[in-house]
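These numbers were taken from a predicted model, which means no experiment stands behind them.
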Amino acid sequence: MEYGPICGDCRRMYAERNPPGEAPCQSCRVETVEENEDAIRIFFLTQFQVIMGPRGPVDINHLAVHAAMELYGITDRRRCFEKVLKLSRWWLEETRQSDSE
């Protein structure tokens, strides 16, 4: 069993298709454009506030993300939160891959 966000499961699902395909990783990430500035700022403030499992970080701490959004006066918190989650899933998967190398 793999611990962590859905990235590993998503890649396996696409690999098991007939014919095999590649997971849409690029479309799953948050792009560094102006409209994502708040989410990127909040992510960098909270990126090390993670929930740990037996094999390392499992997810970003949602309470820390909400507290940071409140502290920084983010107006569209729902949209920002969803983008931070996308970014954290990508980051945690990258972290796991670099740890296994």
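Distance SG/Cys80 to CD1/Ile40: 10.0 Å, rounded to 0.5 Å. Interatomic distance, CG of Leu87 versus OG1 of Thr46, reported as 9.0 Å (0.5 Å rounding).
The shortest heavy-atom contact between Ile60 and Ile51 is O-CD1, 4.1 Å. The nearest pair of heavy atoms linking Val84 to Ala39 is CG2-O, 3.4 Å. When all heavy atoms of Val50 and Gln47 are compared, the pair lying nearest together is CG1-O, 3.4 Å. In terms of heavy-atom proximity, Gly53 sits nearest to Val58 at N-CG2, 3.4 Å.
Using a distance-only test at 3.5 Å, with no hydrogens or angles considered, a donor-acceptor pair links the side chain of Asn61 to the main chain of Ala64.
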Applying side chain to side chain contact (heavy atoms under 4.5 Å, CB included), run through Lys83 and Phe43 and close with a yes or a no.
CA-CA 9 Å; Lys83 289 177 181 182; Phe43 170 74; over 6 Å; no
Apply ring pair (Phe, Tyr, Trp, His ring centres under 6.0 Å) to Phe48 and Trp91, showing your working.
CA-CA 11 Å; Phe48 296 112; Trp91 180 76; 5.6 Å; yes
List the steps, then state whether salt bridge (Lys or Arg N to Asp or Glu O under 4.0 Å) holds for Glu93 with Arg89.
CA-CA 6 Å; Glu93 184 65 24; Arg89 288 180 191 123; over 6 Å; no
I'd like to know whether Asp59 forms a side chain to side chain contact (heavy atoms under 4.5 Å, CB included) with His62, so could you lay out the CA-CA distance, the side-chain angles of the two residues, the decisive distance to 0.1 Å, and finally the verdict.
CA-CA 8 Å; Asp59 199 356; His62 295 193; 3.3 Å; yes
Would you be so kind as to tabulate the donor-acceptor pairs closer than 3.5 Å made by side chains of residues 68-77, with sequence neighbours excluded?
{"residue": "Asp76", "atom": "OD1", "partner": "Arg79", "partner atom": "N", "Å": "3.4"}
{"residue": "Arg77", "atom": "NE", "partner": "Ile74", "partner atom": "O", "Å": "3.3"}

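Comment: Arg78 engages Glu82 in a salt bridge, judged by a side-chain N to carboxylate O separation of less than 4.0 angstrom.
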